[in-house]
Each structure stands twice: as C-alpha cells, then as structure tokens.
Visitor: 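Below you'll find the structure I mean.
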Amino acid sequence: MKTNSIRLAIKGGETFTATLVDNSSADALMALLSKGDVTVEMEDYGNMEKVGPLGTNLPRNDRQTTTGPGDIILYQGKYLVIYYSTNSWNFTRIGRIDNADGTRLKSALGKGNVTVTLSSND
C-alpha cells in the first residue's frame with residue numbers, strides 16, 4: 001500500500017509527520033525518500049517560512065496558492081518551503097504538517113537557519 005506521509009525531523013528539536021497531497025511532485029519526493037533520508041539546510045524568509053534547496057529538481061505543479069501554517073511547498077521545482085505563517089504565490093503544494101499551528105512551528109523551527117531531515121514514513 002502506498003504511503004502518503006513523511007517525517008520531518010528538526011535538528012535539535014521536534015519531529016513532525018506530514019500528509020502529502022496527490023500530485024507528481026509529492027510522488028517524486030516519495031521516490032527520492034525511498035532511496036534514503038534527505039537533509040535540507042533551511043533559512044528564514046520573510047518571517048513566514050523556512051526555505052532550502054532539495055539538491056534536485058522535482059516536477060512542478062504550480063498554481064496560485066494561499067498557504068497557512070504547516071503547509072509544505074515546492075518552489076521553483078528545487079526548493080522546499082515550510083510555512084509557519086501565511087502567503088499567497090504561484091507554487092506547488094506538496095503536503096501539510098499534521099496537527100501543527102503557526103506558534104508551535106515557529107518555535108520548533110527557531111530563528112535563523114535550521115536543518116530539517118525528511119524521511120519516508122514506511
């Protein structure tokens with residue numbers, strides 16, 4: 001059975017699970033994670049999100065999207081973005097962190113740079 005969830009481990013902090021959407025971008029991320037964990041060095045951007053390079057390109061399914069806390073987005077096909085606030089832009093939704101709110105996420109992600117490791121939930 002195909003899983004549609006992943007784990008996000010924040011270095012020195014919490015671990016979250018996220019449920020992925022049904023699109024080719026999320027499928028490509030799962031295929032990537034089936035080969036091993038992916039660690040992303042993320043920077044704060046705009047006091048609303050953490051963003052970092054995946055180290056590879058994934059298929060894009062861009063559309064105008066309004067985000068909220070916990071949304072996981074693919075930007076330009078090669079950047080992973082975790083939102084702890086809101087934004088509206090043209091990008092690809094990958095999934096959403098389960099049971100997370102903005103305050104908890106912002107606290108877990110901390111100020112400045114953060115390392116997040118993605119892994120399959122198999």
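One-based numbering along the sequence shown.
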Visitor: Does L74 belong to the same Ile/Leu/Val/Met/Phe/Trp/Tyr cluster as Y79, with side-chain heavy atoms less than 4.5 Å apart forming each link?
Guide: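 No: no chain of side-chain contacts under 4.5 Å links L74 to Y79.
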
Visitor: Do V51 and F91 share a hydrophobic cluster, counting only Ile, Leu, Val, Met, Phe, Trp and Tyr and linking them when any side-chain heavy atoms are less than 4.5 Å apart?
Guide: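 In one cluster with V51: F91, yes.
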
Visitor: So which atom in A31 and which in S34 form the shortest heavy-atom distance, rounded to 0.1 Å?
Guide: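 It is O-OG, 2.6 Å.
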
Visitor: Going by heavy atoms in the side chains, are L54 and V40 under 4.5 Å from each other?
Guide: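 The answer is yes; the side chains approach within 4.5 Å.
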
Visitor: Just wondering, are more than 12 heavy atoms of other shown residues or ligands nearer than 6.0 Å to CD in E43?
Guide: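 Open: at most 12 neighbouring heavy atoms sit under 6.0 Å from CD of E43.
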
Visitor: In this structure, which one of V21, D71, I73, I72 forms a side-chain contact (heavy atoms from CB on, under 4.5 Å) with R96?
Guide: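 Of the listed residues V21, D71, I73, I72, the side-chain contact (heavy atoms from CB on, under 4.5 Å) partner of R96 is D71.
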
Visitor: Is any side-chain heavy atom of M30 less than 4.5 Å from a side-chain heavy atom of S120?
Guide: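 A side-chain contact under 4.5 Å exists here.
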
Visitor: About how many Å separate NZ of K106 and OG of S85, when rounded to the nearest 0.5 Å?
Guide: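 One gets 7.5 Å once the value is rounded to the nearest 0.5 Å.
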
Visitor: Are L105 and V81 co-members of a hydrophobic cluster defined by side-chain heavy atoms under 4.5 Å apart?
Guide: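 No; L105 is not reachable from V81 via cluster members.
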
Visitor: Is it the case that the side chain of N90 and the backbone of R63 share a donor-acceptor pair, with hydrogens and angles ignored and the cut-off at 3.5 Å?
Guide: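 Yes, the answer is positive, given that a donor and an acceptor are paired below the 3.5 Å cut-off.
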
Visitor: Transitively linked via ILVMFWY side-chain contacts under 4.5 Å: L20 with L58?
Guide: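 Yes; L58 is reachable from L20 via cluster members.
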
Visitor: Looking at residues at least two apart in the chain, or sitting in another chain, which of them share a side chain to side chain donor-acceptor pair (under 3.5 Å) with T19?
Guide: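 Side chain to side chain donor-acceptor pair (under 3.5 Å) list for T19, sorted by chain: D98.
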
Visitor: Extract all donor-acceptor atom pairs below 3.5 Å that involve side chains of residues 109-118 and protein atoms in other chains or at least two apart in sequence.
Guide:
from	atom 1	to	atom 2	distance (Å)
T115	OG1	E41	OE1	2.7
T115	OG1	E41	OE2	3.3
T117	OG1	T39	OG1	3.1

Visitor: Once salt bridge (Lys or Arg N to Asp or Glu O under 4.0 Å) is applied, do any residues pair with R104, and if so which ones, sequence neighbours excluded?
Guide: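 Listed in chain order: E14.
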
Visitor: Would you indicate whether the side-chain heavy atoms of K78 and T56 approach each other to under 4.5 Å?
Guide: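 No; the side chains remain at least 4.5 Å from each other.
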
Visitor: For S25, which residues count as a side chain to side chain donor-acceptor pair (under 3.5 Å) partner, sequence neighbours excluded?
Guide: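 Scan of S25 (side chain to side chain donor-acceptor pair (under 3.5 Å), adjacent residues dropped) gives N61.
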
Visitor: N23 side chain to R93 main-chain N or O, any donor-acceptor pair under 3.5 Å?
Guide: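 Yes: the side chain of N23 pairs with the backbone of R93.
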
Visitor: Just to verify, what does S88 make a side chain to side chain donor-acceptor pair (under 3.5 Å) with, not counting sequence neighbours?
Guide: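 Side chain to side chain donor-acceptor pair (under 3.5 Å) list for S88, sorted by chain: Q64, T66.
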
Visitor: Please assess N47 against Y84 for the test side chain to side chain contact (heavy atoms under 4.5 Å, CB included), listing each intermediate value before the final yes or no.
Guide: CA-CA 8 Å; N47 202 32; Y84 56 83; 3.5 Å; yes

Visitor: Tell me the closest heavy-atom pair linking P69 and T86, and the distance in Å.
Guide: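 In this case the closest contact between P69 and T86 is CD-CG2, 4.4 Å.
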
Visitor: How would you list, by chain and number, every residue that makes a salt bridge (Lys or Arg N to Asp or Glu O under 4.0 Å) with D101, sequence neighbours excluded?
Guide: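 Expected list: none.
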
Visitor: Is I82 linked to I10 within one hydrophobic cluster, defined over Ile, Leu, Val, Met, Phe, Trp and Tyr using a side-chain heavy-atom separation of less than 4.5 Å?
Guide: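 Result: yes, single cluster for both.
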
Visitor: Compare every heavy atom of L8 with every heavy atom of A18, then report the nearest pair and how far apart it is.
Guide: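 For A18 versus L8, the nearest heavy atoms are CB-CD1, 3.6 Å.
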
Visitor: Taking all atoms of both residues into account, what is the closest heavy-atom pair of N57 and Q76, and its distance?
Guide: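 Heavy atoms only, the tightest pair is OD1-O, 4.4 Å.
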
Visitor: Given 3.5 Å as the limit, does a donor-acceptor pair link the side chain of Y83 with the main chain of T67, or not?
Guide: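 Here the side-chain-to-backbone pair does not exist.
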
Visitor: As a test of understanding, state which of I94, L33, I97 forms a side-chain contact (heavy atoms from CB on, under 4.5 Å) with I6.
Guide: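 When I94, L33, I97 are each tested with I6, the side-chain contact (heavy atoms from CB on, under 4.5 Å) holds only for L33.
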
